[in-house]
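To start, the structure under review is shown below, and the notes come after it.
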There are 2 protein chains.
Amino acid sequence: MTMSNTGGRRKPPTIHDVAREAGVSRGTVSRVLNGGHYVSPSAAEAVNAAIRRTGYVVNRHARSLITGRSDSVGFLLTEPQERFFEDPNFNVLLRGCTQALAAHDIPLLLMIAGTQAERRRIVRYITAGHVDGVLLVSSHSGDPVAEELRAAGVPLVACGKPIGLGSKVSYVAADDRDGARDLVRHLLGLGRRRVGVVTGPLDTPGGVERLAGYKEVLAEAGLGIDERLIVSGDYSRASGEAGAERLLAGAPDMDAVFVASDLMAQGVLAALHRAGRRVPQDVAVGGFDDSQAAVAASPGLTTIRQPWDRISSEMVRVLLAQVGGEDPATVILPTELVKRESA
Amino acid sequence: MTMSNTGGRRKPPTIHDVAREAGVSRGTVSRVLNGGHYVSPSAAEAVNAAIRRTGYVVNRHARSLITGRSDSVGFLLTEPQERFFEDPNFNVLLRGCTQALAAHDIPLLLMIAGTQAERRRIVRYITAGHVDGVLLVSSHSGDPVAEELRAAGVPLVACGKPIGLGSKVSYVAADDRDGARDLVRHLLGLGRRRVGVVTGPLDTPGGVERLAGYKEVLAEAGLGIDERLIVSGDYSRASGEAGAERLLAGAPDMDAVFVASDLMAQGVLAALHRAGRRVPQDVAVGGFDDSQAAVAASPGLTTIRQPWDRISSEMVRVLLAQVGGEDPATVILPTELVKRESA
DNA sequence: TTCTCTACTGTGAACGCTCACAGAGCAGCG
DNA sequence: CGCTGCTCTGTGAGCGTTCACAGTAGAGAA
């Protein structure tokens, strides 16, 4: 073993060493490395053997210097950090994206924009070309970061439909409206007639669409819309708790509630419990996401599953396609009703 | 504005352009960029003005190619993904590390090693020199990844003391034993005498140390160790729930319990509630971490705060020092008792 | 045979930066 | 006055790769 690496780091082999070892030229090694077209089988074999023998790994900096690509992508989170700390959905998404990118040998750079200064720094970093594209997680509308990146021509894929951005930005989302319809229909199917809703923030597509689904189903069932049965939250647990209290105050006869996120639903369960309402006997509760929060809740939360694994892999697919020169695209994925004890 | 960037991406200015614009040589621009030593004030000013005018940003690939550094670090998670999805501590740590690194303009590459294949891929990636160092989160002992990286001479800082690795590896940890002592003393101070414990995994330093602290305080209070009051979990919520059930079965007279993580404590609260025990009246409960889980629990969880912000900033500090050639170091940070309703 | 076409290979020139070196200018000192 | 030492500046080389180009060899067609 000539490459024994005990302790200090020594100079790694270059493409030149491999070429010499294989008895070919740099060009041939490079061709083998990049797809192997126009290389004779014997040369390819010799090169691959030399690579194994020397332990050669391509120097990405040298490659990037000439190709202009960085072969890395950014994962940009512009949510307030409290949400990131609280909501396990981010972790699932993050895991899914690293995994999908790993299949292409592309590292994920994590960028969290909390303060205004951080936003500026990150935008500068990205527009400088240090990443090939960006996976964006930022539900609120009018996010200046997204607009700046789009304007700078940086390939971009959002998680969830960005409100207020031109149609030229790619996004991948679950079918929020359809999911909400499924859940509310389920509640009505249980015989409930006074169904409340705790929406997400109404400047997010998730907030708007899930509320729309709720209203559609009530209408199709011939039930009117009672404004006292509608309150909105911000996806946080605490806002769910507060929302449930307002609902109970305004509509004490509520017998079911659709909550636009599992985390808020946890808060709703806590508030109902404190108010002495039994779940599901007195009030049936349905959530949205099917996150860890849904399993951890007691009773287990009936909810709408968002297909996070597919969302993340589609985000990566669409982003890489765009980096490769294809046009922006949007993907809507189906949801699924998951029944547990709460409804 | 010569650099208007409407739509497509154009060729960014190089150090050469800046030099020409400022009327100096490449070397001078480079010196300004790297600390500004041996540069006259007038030249520095001219260069900075030229940088602003051209919108120049250094090409990191070109720099890395020659310096041999990548100016990036990896954040490596070798926990099972379920823990990553469930435990908000990871998010806090991740946020803290990105933030601390951002101050040095160093991006964080997120690496999650779930499967064996992923581990191999990631180790190859790291040992190839694609990152300057690694922030390691992996509590279990005998982690082969850590050992491989250490052997390859990659700068490494672990979060929590790695068991079974030579003393040559840096780590940053909270004072687990002391924290456990504080909490158990608090429980005894409330007059409780039958104090149970749900430990962390006993192949992790956190698991071992927190249990040791528990035993120390019982001994100093003249209370014997009752094995029926000791069960161990794996930091997951579910294991807390199971642990509490075993405790109740083995020691029905238990009047307090120290749980080695907040997440497990949530499970303990659920189990106690199901068993009809009131918290804190019948059983006082104390956790460890002071994570979101502690606040979200009902009743609010009395717990030991781990100083995550300092842990992450120290990890980054120690890692960068090591990248700069300094020797490995270990840092132990003090914890703090946070009182809430559960005890 | 000769010419064309294809498959394959090697070579020089970048990519944008840092580093080492040499040299200029100037001050202080013997 | 010359020497030393300091601050400051420009220049050439080279980091490890890809890319464009030129060139060779062999197969098949004219």
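Chain identifiers are assigned alphabetically (A, B, ...) following the order of the sequence lines, protein sequences preceding nucleic acid strands; residue numbering begins at 1 within each chain.
- Between Arg150(B) and Glu147(B) a salt bridge is recorded (basic side-chain N to carboxylate O distance below 4.0 Å).
- Side-chain N/O atoms of Ser40(B) include one lying less than 4.0 angstrom from OP1 or OP2 on dT9(D).
- Counting only distance, with no hydrogens or angles, the side chain of Asn34(B) and the backbone of Ser30(B) share a donor-acceptor pair below 3.5 Å.
- Atom C1' of nucleotide dT7(D) and atom CZ of Arg31(B) are separated by 11 Å, given to the nearest angstrom.
- Counting only heavy atoms from C-beta on, Leu33(A) has its side chain closest to dT18(D) among dT18(D), dT9(D), dG16(D).
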Intermediate values then yes/no, side chain to side chain contact (heavy atoms under 4.5 Å, CB included), Val73(A) and Leu101(A): CA-CA 9 Å; Val73(A) 314; Leu101(A) 286 167; 3.4 Å; yes
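- Whole-Å rounding puts the His16(B) NE2 to dT11(D) P distance at 9 Å.
- At whole-Å resolution of the value, NE2 in His61(B) and C1' in dC15(C) are 11 Å apart.
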Step-by-step side chain to side chain contact (heavy atoms under 4.5 Å, CB included) determination, Phe90(A) to Glu79(A): CA-CA 10 Å; Phe90(A) 292 119; Glu79(A) 294 288 333; 3.7 Å; yes
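- Contact annotation: side chain of Arg60(A) to base of dT17(D), donor-acceptor pair absent below 3.5 Å.
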Test log, rule side chain to side chain contact (heavy atoms under 4.5 Å, CB included), inputs Leu76(A) and Leu149(A): CA-CA 11 Å; Leu76(A) 175 53; Leu149(A) 295 180; 4.1 Å; yes
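- Taking atom CG on Asp17(A) and atom P on dC15(D), their separation rounds to 11 Å, with Å as the unit.
- Side-chain to base pairing of Arg26(A) with dT18(D): one donor and one acceptor N or O lie within less than 3.5 Å of each other.
- Rounded to an integer number of Å, the gap from CZ of Arg63(B) to C1' of dC15(D) is 14 Å.
- In this structure, the nucleotide among dT11(C), dT11(D), dC17(C) sitting nearest to the side chain of Ser25(B) is dT11(D).
- For Thr28(B) and Ile66(B), each mapped to the nucleotide of DNA chain D holding its nearest heavy atom, the one lying further toward the 5' end belongs to Thr28(B).
- Of the candidates dT17(D), dT18(D), dC15(C), the closest approach to any side-chain atom of Asn34(A) belongs to dT18(D).
- If you measure from atom CG of Asn59(A) to atom P of dC17(C), you get 16 Å, rounded to the nearest angstrom.
- Distance, Tyr38(B) OH to dG23(C) C1': 15 Å, rounded to whole Å.
- For the pair Ala43(A) and Arg69(B), both in contact range of DNA chain C, the more 5′-proximal nearest nucleotide belongs to Ala43(A).
- Taking atom NE2 on His37(B) and atom C1' on dT9(D), their separation rounds to 17 Å, with Å as the unit.
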